[in-house]
Visitor: 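Below is the structure I would like to discuss, written out as structure tokens.
Just follow the structure's listing: the first ligand is 1, and inside any ligand the first atom is 1.
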Amino acid sequence: MQATAEAHPNIALVKYWGKRDVARNLPAVSSLSVTLDTLRTRMTVEFRAGDRDALSVNGQAAPGMLERVSRCLDSVAGKERSAARVTSDSNFPIGAGLASSASAFAALVVAANAASGAAHDRLALARLAGAASGSAARSLYGGLVELDAGDEQIDLVPLAAADDWPLMVVVAITDDNTKSVGSGDGMIRSARTSPFYSSWLAQQEDDLSAAREAVRNRDIGRLSEVAEHNCLKMHSVMWTSRPPIVYWNSATLACMEAIRGLRAEGHAVFFTIDAGPQVKAVCLPASVDAVSAALAETPGVLDILTTGVGCGARRIDQ
Ligand code: PMV
């Protein structure tokens, strides 16, 4: 009745922003991501006698997140399940634009599946994780993966395994506070108010096919071009929402500038930024030291995390 699973966050190179069905949490666009390896969330689920679920996150009770977790447990183990004690532990800042909800819900569905004996397969678990947090579906898979928004339900298509293309990701932390607007609320606001939202939806297929081809050819130059364009387009939608959603700070901009400078010196590196002020620099292994050094000395950068490409969510207590 107890199981522990581990999952890594993922970062999208072609982004998900917008929902086509808020109640079922279905994405309005497909997306393409890379799963990281050094950052991780470990989640233990224990079903036991009692009438209430309990959640602890990094050693502290977290009643504010319990409802979302309980709903996700119901979806995996059924509403008739026993009460659960859920213990989550992450080795990186949570709620700060580092995709902690992706690793958390991916680990949660795997642990709950094992602890309850529900026997869902990986794709079914990805769909259940995605219902809790859209990007979490991608963390069920390692390497580079595409999330196809589908018609009725999402599909996940692995594009390259973790060791097929040894990309590195350097994360520059520019602020470790919790973000002001959560991604779910932000997406709903953008869909309702940004005049750019419809072109964002209309162009996504083109960006995806360019990125898919770049991954197939292991062409980091082509991937750089489309990933930065897609990231800036998503942030333009955010900025032009009413009220505006601006996650960047001056260090975010300074990091983007530093990455452009590195590229001008011949390094294969590009940036991407999610719903937060952190900058993720994706590069080839030959450039990782130069990228880490340049970002570490960029004004306003508080910390640097370096990671390679990781594997999908899995049980770790067997
Ligand atoms: O999975 P959510 O609801 O936290 O949304 C993730 C949104 C972005 O990180 C900004 C983009 C993405 O595709 O991961």
Visitor: Any nitrogen or oxygen of Lys19, main chain or side chain, under 3.5 Å from a nitrogen or oxygen of ligand 1?
Guide: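 Lys19 vs ligand 1: no N/O contact under 3.5 Å.
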Visitor: Identify whether the distance between the nearest side-chain nitrogen and carboxylate oxygen of Asp53 and Arg85 falls below 4.0 Å.
Guide: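 Salt bridge: no.
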Visitor: Could you find the nearest protein heavy atom to atom 7 (C) of ligand 1 and give me its residue, atom name and distance?
Guide: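 In this structure, atom 7 (C) of ligand 1 has Tyr16 O, 3.6 Å as its nearest protein heavy atom.
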Visitor: Charged N to carboxylate O under 4.0 angstrom, Asp207 versus Lys233?
Guide: yes
Visitor: Counting from 1, what ligand 1 atoms have a heavy atom of Ala275 closer than 4.0 Å?
Guide: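 Listed by number with element, the hits are 10 (C).
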Visitor: State whether the number of non-hydrogen atoms from other residues, nucleotides or ligands found under 6.0 Å of Gln2 atom CD is greater than 12.
Guide: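 Counting other residues, nucleotides and ligands, CD of Gln2 exceeds 12 neighbours.
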Visitor: Give a yes/no verdict on whether any heavy atom in Ser31 is under 4.0 Å from an atom of ligand 1.
Guide: no
Visitor: Checking contacts here: is it the side chain or the backbone of Ser183 that comes within 4.0 Å of ligand 1, counting heavy atoms only? Could be both or neither.
Guide: side chain
Visitor: Salt bridge check, Arg222 against Glu225: does any charged N sit closer than 4.0 Å to a carboxylate O?
Guide: yes
Visitor: Return the orientation label for the Tyr247 and His235 ring planes: parallel under 30°, perpendicular over 60°, tilted otherwise.
Guide: perpendicular
Visitor: What atoms of ligand 1 come within less than 4.0 Å of a heavy atom belonging to Met187?
Guide: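 Those atoms are 3 (O), 5 (O), 7 (C).
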Visitor: Step through the shown structure and confirm whether more than 12 heavy atoms of other residues, nucleotides or ligands are within 6.0 Å of CD on Gln203.
Guide: yes
Visitor: Does an N or O from Trp17, backbone or side chain, lie closer than 3.5 Å to an N or O of ligand 1?
Guide: no
Visitor: Salt bridge between Asp317 and Arg315, side-chain N to carboxylate O under 4.0 Å?
Guide: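 Salt bridge present between Asp317 and Arg315.
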Visitor: Where on Arg138 is there a heavy atom closer than 4.0 Å to ligand 1, on the side chain, on the backbone, on both, or on neither?
Guide: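 Just the side chain.
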Visitor: For ligand 1, note which part of Ser101 has a heavy atom under 4.0 Å away: side chain, backbone, both or neither.
Guide: side chain
